[in-house]
Amino acid sequence: MSKNMIVSPSLLSADFGNLAKDIDMINRSDAELLHLDVMDGVFVPNISFGFPVIKHVQRLCQKPLDVHLMIVEPQKFIPQVRDCGTRIMTVHQEACIHLNRVVQQIHDAGMLAGVALNPATPVMMLRDIICDVDLVLLMSVNPGFGGQKFIVQTLNKVRELRQLITLNGSNAQIEIDGGVNAVTGAQLAEAGADILVAGSYVFGAEDPIKTIEGLKNL
């Protein structure tokens, strides 16, 4: 594709015994963001890390933080997310009864607001809020664990979401999380994605910096 893809490597796949080394790699790479998945063991069947880790990462990382809350009642933690120096705070549509209010609260806290959709949640659930959000994150695997296989139906969801954004004059970017590699990344770029989250594909690569460069140039 002619545009440069935005790459947001997922910290979930980093070496937590040597985070400083992996974050230094991110700092030296072409990645524009660092993606952090916060899981509570309730909304998703896994627990990842909390705010002390995010604050430590923020002190080391020179790239803006892209924080994805896979938790129930994410609105309770907007101040903590902000205080970690977060640029983008993404919440799940399925976890927010009053989504419009939560998006407003994220904006009021000085962050960009993202809304994530699980694989089985239709894009049209965002029709009435698409002009209020800065980012839509489509999960291309079922959330909770890294290293899962890409759900091919996501490509149709990207096209549908791109149409919804265009028809409504929204400025929202499309981010994809799950099963991203060179092949699926190229398909997603063609479908209209703006940001690719990649975890095991980046951190498990022999040359992570070159891998990030490859995704950026899709």
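None of these values were measured; they are calculated from a predicted model.
- Side-chain atoms of Leu188 and Phe150, non-hydrogen and from C-beta on, do get closer than 4.5 Å to each other.
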- prompt: Passes side chain to side chain contact (heavy atoms under 4.5 Å, CB included), Leu137 versus Val115? Steps please.
  reply: CA-CA 6 Å; Leu137 170 57; Val115 175; over 6 Å; no

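- Hydrophobic clustering (side-chain heavy atoms under 4.5 Å, transitive across Ile, Leu, Val, Met, Phe, Trp, Tyr) groups Val152 together with Leu161.
- For Ser170 against Ala172, the heavy-atom pair with the smallest separation is OG-N, 3.0 Å.
- The 12-atom threshold is exceeded at CZ of Arg82, counting heavy atoms of other residues, nucleotides or ligands nearer than 6.0 Å.
- Hydrophobic clustering of Ile, Leu, Val, Met, Phe, Trp and Tyr side chains at less than 4.5 Å, counting indirect connections, keeps Leu112 apart from Val197.
- Of all the heavy atoms in Phe203 and Ser10, the pair that sits closest is CE1-O, 3.0 Å.
- Looking at Asn168, its side chain does come within 3.5 Å of a backbone N or O of Leu164 through a donor-acceptor pair.
- Between atom NE2 of residue His56 and atom SG of residue Cys84 there is a gap of 12.5 Å, rounded to the nearest 0.5 Å.
- Within 6.0 Å of atom CG in Asp207, more than 12 heavy atoms from other residues, nucleotides or ligands are found, so the atom counts as buried in its surroundings.
- Leu34 places none of its side-chain heavy atoms less than 4.5 Å from the side chain of Pro64.
- If you chain together hydrophobic residues whose side chains sit under 4.5 Å apart, Val102 and Val72 fall into the same group.
- In this structure, the side chains of Gln62 and Ile23 stay at 4.5 Å or more apart for every pair of heavy atoms.
- Taken from CD in Gln80 to OG1 in Thr86, the straight-line distance is 11.0 Å, to the nearest 0.5 Å.
- Inter-residue side-chain proximity for Phe16 and Leu11 is flagged as met; some heavy-atom pair is nearer than 4.5 Å.
- In this structure, the side chain of Lys63 engages the main chain of Ala31 through a donor-acceptor pair within 3.5 Å.
- Of all heavy-atom pairs between Cys96 and Val91, the closest is SG-CG2, 3.8 Å.
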task: Evaluate the criterion salt bridge (Lys or Arg N to Asp or Glu O under 4.0 Å) for residue pair Lys210 and Glu213; output intermediate values, then yes/no.
output: CA-CA 5 Å; Lys210 188 174 181 180; Glu213 181 184 359; over 6 Å; no

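- Contact of the Val44 side chain with the Asn142 side chain is not registered, since no non-hydrogen atoms from C-beta on lie closer than 4.5 Å.
- Under 3.5 Å, the side chains of Asp134 and His107 contain a donor-acceptor pair of N or O atoms.
- From Cys61, atom SG reaches atom CG of Asn27 across 5.0 Å, with rounding to the nearest 0.5 Å.
- Evaluated for a side chain to side chain contact (heavy atoms under 4.5 Å, CB included) with Ile195, the options Glu32, Gln173, Met5 yield exactly one hit, Gln173.
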field: Leu135/Ile88 under side chain to side chain contact (heavy atoms under 4.5 Å, CB included): CA gap, chis, key distance, verdict
entry: CA-CA 8 Å; Leu135 179 147; Ile88 306 168; 4.3 Å; yes

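- Ring geometry for Phe43 versus His92: interplanar angle of 30 to 60°, hence tilted.
- For the residue pair Leu215 and Ala198, the shortest heavy atom distance occurs at CD1-CB, 3.8 Å.
- Residues Gln75 and Gln105 are in side-chain contact: their nearest non-hydrogen atoms beyond the backbone lie under 4.5 Å apart.
- Side chains of Thr184 and Asn181: a donor-acceptor N/O pair is present below 3.5 angstrom, by distance only.
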task: Tell me, with the steps shown, if Glu190 and Leu155 meet side chain to side chain contact (heavy atoms under 4.5 Å, CB included).
output: CA-CA 9 Å; Glu190 186 174 3; Leu155 297 172; over 6 Å; no

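- One side chain, Glu94 or Thr121, offers a donor N or O that lies under 3.5 Å from an acceptor on the other.
- Within the model, atoms CD of Glu175 and OG of Ser140 stand 10.0 Å from one another, a figure rounded to the nearest 0.5 Å.
- Scanning both residues, His35 and Asp66, for their nearest heavy atoms gives ND1-OD2, 2.8 Å.
- By the rule that hydrophobic residues join a cluster once side-chain heavy atoms approach within less than 4.5 Å of another member, Met39 and Val53 end up as members of one cluster.
- The pair Arg162-Asp194 meets the salt-bridge criterion, since a charged nitrogen lies less than 4.0 angstrom from a carboxylate oxygen.
- The neighbour count for Leu167 CG, taken as heavy atoms of other residues, nucleotides or ligands under 6.0 Å away, is above 12.
- The shortest side-chain heavy-atom distance between Phe51 and Val38 does not fall under the 4.5 Å cut-off.
- Both Leu126 and Met124 belong to a common hydrophobic cluster when Ile, Leu, Val, Met, Phe, Trp and Tyr are linked at side-chain heavy-atom distances under 4.5 angstrom.
- By the 4.5 Å heavy-atom criterion applied to side chains, Val202 and Met25 are counted as neighbours.
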- request: Step by step, work out the side-chain hydrogen bond (donor to acceptor under 3.5 Å, both in side chains) result for Gln153 and Asn156.
  value: CA-CA 6 Å; Gln153 172 61 21; Asn156 289 333; 3.2 Å; yes

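- Between the Lys157 side chain and the Pro119 main chain, a donor and an acceptor come within less than 3.5 Å of each other.
- Without hydrogens or angle criteria, Thr90 side chain to Ala116 main chain gives no donor-acceptor distance under 3.5 Å.
- Summarising the geometry of Val103 relative to Ala113, their closest heavy-atom pair is CG1-CB, 3.9 Å, with the distance given to 0.1 Å.
- In this structure, CG on Asn171 lies 10.5 Å from CD1 on Ile130, to the nearest 0.5 angstrom.
- With no hydrogens or angles considered, a side-chain donor-acceptor pair links Gln104 and Asn100 at under 3.5 Å.
- The closest side-chain donor-acceptor pair between Asp37 and Ser48, if any, does not fall under 3.5 angstrom.
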- request: May I have the step-by-step check of side chain to side chain contact (heavy atoms under 4.5 Å, CB included) for Val57 and Leu60, ending in yes or no?
  value: CA-CA 5 Å; Val57 168; Leu60 297 174; 6.0 Å; no

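- Residue Asp177 holds its CG atom at 9.0 Å from CG of Leu12, rounded to the nearest 0.5 Å.
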